[in-house]
Amino acid sequence: MEDTILICEDSIEGILTGVYKAYEMHKDHQTIHLQTSDMENFRLFSTYAYVEPDEEKSQKVLRTIWNRFGEDAYTQLCQAMVSYDAGKADAVYHTIVTGIAGHFQGRLMQHLSQSCIHEVFRMSRNTGIEIHHYLGFLRFRELSGGVLFARYHPKNDITTMMMPHFANRLPNEDFAIYDENRNYYAVHAKGKQWYLVRGELPFSPDQEAYSDHEAEYQALYRHFCKTIAIAERKNLKLQRNMLPLRFRKYMHEFQPE
């Protein structure tokens with residue numbers, strides 16, 4: 001039987017629209033596969049179709065996930081959909097199919113013997129770990145206009161997962177978080193909702209103008225970190241395990257004086 005490959009936008013909305021489209025086709029789910037980009041080598045005996053993201057359709061699928069599988073599965077599926085893993089769309093789709101089929105009792109994400117569920121669990125865990133790291137490692141700098149600005153380079157597309165955390169803790173601050181890996185940034189105006197802006201920043205890193213006190217605060221923080229360190233107990237191997245090198249590029253305490 002010929003397979004159908006649905007090519008979706010690499011986003012939660014795009015993948016869930018692909019899931020909706022797959023159900024609309026009324027075909028055997030084993031013959032339908034989702035992917036988020038064109039393949040270099042096309043499969044034999046397969047037809048390909050592009051799926052345009054549709055907010056209304058994706059919201060319907062989200063509501064189904066929440067109502068049928070609960071908050072835990074909802075969170076894990078969303079975290080898997082922002083993973084950098086190329087197979088995420090198909091794994092999420094077949095996990096939803098498995099859950100709706102109702103062949104398993106109990107919580108959906110506990111059935112790790114199913115390859116698709118195991119893949120979603122693995123990707124979700126990887127994304128969740130990176131989110132946890134950046135919630136502690138992300139560093140803001142105060143620009144000359146008083147805006148708090150942070151740039152970082154995450155493996156997974158986690159900015160939308162992190163913004164609620166910072167918007168809740170900095171409700172009265174103007175701040176922005178820029179994802180260098182995907183060229184977009186999230187903006188929060190004090191007292192308002194945050195939103196996403198696609199494209200490059202209007203200024204380059206060497207044009208960032210910091211406030212008068214920013215350099216002083218950075219120097220004080222570096223001095224604080226250096227002062228509390230115990231030279232005799234220095235353990236670089238353990239330090240790299242707790243704080244991998246890739247997180248340090250934009251951390252004040254690891255920048256030269």
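The basis for the numbers below is simple: all heavy atoms, side chains too, and nothing from hydrogens, waters or symmetry mates.
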Side chain of N156, backbone of I158: donor and acceptor closer than 3.5 Å?
no

If you take all heavy atoms of P154 and D179, which pair is closest and at what distance?
CD-OD1, 3.3 Å

Going by atom type alone, with no hydrogens or angles, which donor-acceptor pairs under 3.5 Å involve a side-chain atom of residues 80-92 and a protein atom two or more places apart or on another chain?
| unit_1 | atom_1 | unit_2 | atom_2 | d |
| --- | --- | --- | --- | --- |
| S83 | OG | D85 | N | 3.0 |
| D85 | OD1 | G87 | N | 2.8 |
| D85 | OD2 | R122 | NH2 | 2.8 |
| K88 | NZ | D10 | OD1 | 2.5 |
| K88 | NZ | M81 | O | 3.1 |
| K88 | NZ | S83 | O | 2.7 |
| D90 | OD1 | H33 | ND1 | 3.4 |
| D90 | OD1 | L34 | N | 3.0 |
| D90 | OD1 | H94 | NE2 | 3.4 |
| D90 | OD2 | H33 | ND1 | 3.3 |

To check you understand the geometry: which heavy-atom pair defines the closest contact between T98 and F104, and what is its length?
CG2-CE1, 3.4 Å

Using a 3.5 Å distance criterion without hydrogens, assess whether the side chain of S124 forms a donor-acceptor pair with backbone atoms of L77.
no

My understanding is that a hydrophobic cluster links ILVMFWY residues whose side chain heavy atoms are under 4.5 Å apart, including indirect links. Using that, what else belongs to the cluster containing I230?
none

Heavy-atom neighbours of F254 CZ exceed 12 at 6.0 Å
yes

Please determine whether residues F247 and M162 belong to a single hydrophobic cluster, defined as Ile, Leu, Val, Met, Phe, Trp and Tyr linked transitively by side-chain heavy-atom distances below 4.5 Å.
yes

So which atom in L138 and which in I177 form the shortest heavy-atom distance, rounded to 0.1 Å?
CD2-CD1, 3.8 Å

Quick one: do L148 and R141 satisfy side-chain contact (heavy atoms from CB on, under 4.5 Å)? Show the steps, please.
CA-CA 5 Å; L148 301 178; R141 293 173 168 85; over 6 Å; no

Could you state the interatomic distance from CG (L108) to OH (Y74), rounded to the nearest 0.5 Å?
15.0 Å

Residue pairs involving residues 69-84 (criterion salt bridge (Lys or Arg N to Asp or Glu O under 4.0 Å); sequence neighbours excluded):
none

Sorted by chain and residue number, the side chain to side chain donor-acceptor pair (under 3.5 Å) partners of H118 (sequence neighbours excluded) come out as none

Other residues, nucleotides, ligands: >12 heavy atoms within 6.0 Å of R182 CZ
yes

For E52, enumerate each residue passing the salt bridge (Lys or Arg N to Asp or Glu O under 4.0 Å) test, keeping only those at least two apart in sequence or located in another chain.
none

To check you understand the geometry: which heavy-atom pair defines the closest contact between G14 and P53, and what is its length?
CA-CB, 4.0 Å

Candidate list Y221, Y250, F175, test ring-ring contact (aromatic ring centres under 6.0 Å, His included), partner F140, passing option:
F175

Looking only at side-chain N and O atoms, does Q79 offer a donor or acceptor that is under 3.5 Å from a partner on T127?
no

Return all side-chain donor-acceptor pairs below 3.5 angstrom for residues 236-245, not counting sequence neighbours, or 'none' if the list is empty.
| unit_1 | atom_1 | unit_2 | atom_2 | d |
| --- | --- | --- | --- | --- |
| Q239 | OE1 | R248 | NH1 | 3.4 |
| N241 | ND2 | K237 | O | 3.4 |

Between R125 and Q76, is there a donor-acceptor pair closer than 3.5 Å when you use the side chain of the first and the backbone of the second?
no

Side chain to side chain donor-acceptor pair (under 3.5 Å) involving E214 - partner list, sequence neighbours excluded
Q218

To the nearest 0.5 Å, how far apart are OG1 in T47 and CG in L6?
8.0 Å

What salt bridge (Lys or Arg N to Asp or Glu O under 4.0 Å) pairs are there with at least one residue in residues 129-139, not counting sequence neighbours?
E130-R246, R139-E253

Which pair of non-hydrogen atoms, one from N181 and one from K155, has the smallest distance, and what is that distance?
ND2-O, 4.1 Å

Checking side-chain polar atoms at under 3.5 Å, does H188 have a donor or acceptor matched by the opposite partner on Y195?
no

Measure up the H213 and Y217 rings against each other and bin them: parallel (under 30°), tilted (30 to 60°), perpendicular (over 60°).
tilted

Under the rule for side chain to side chain donor-acceptor pair (under 3.5 Å), what residues qualify as partners of E173, not counting sequence neighbours?
none

Does any N or O in the side chain of D3 come within less than 3.5 Å of the main-chain N or O of S46, such that one atom is a donor and the other an acceptor?
no

Partner of T159 by side chain to side chain donor-acceptor pair (under 3.5 Å), out of Y178, W194, Y152:
Y152

Report, as yes or no, whether the 6.0 Å neighbourhood of atom CD on E24 holds more than 12 heavy atoms from other residues, nucleotides or ligands.
yes

Residues in salt bridge (Lys or Arg N to Asp or Glu O under 4.0 Å) contact with E9, at least two apart in sequence or another chain:
none

Roughly how far apart are E56 CD and T17 OG1, rounded to 0.5 Å?
10.5 Å

Exercise answer: donor-acceptor pairs, residues 57-64 side-chain atoms, under 3.5 Å, sequence neighbours excluded:
| unit_1 | atom_1 | unit_2 | atom_2 | d |
| --- | --- | --- | --- | --- |
| S58 | OG | D54 | O | 3.3 |
| S58 | OG | E55 | O | 2.8 |
| T64 | OG1 | K60 | O | 3.0 |

Listed by chain and number, what are the side chain to side chain donor-acceptor pair (under 3.5 Å) partners of Y23, not counting sequence neighbours?
none

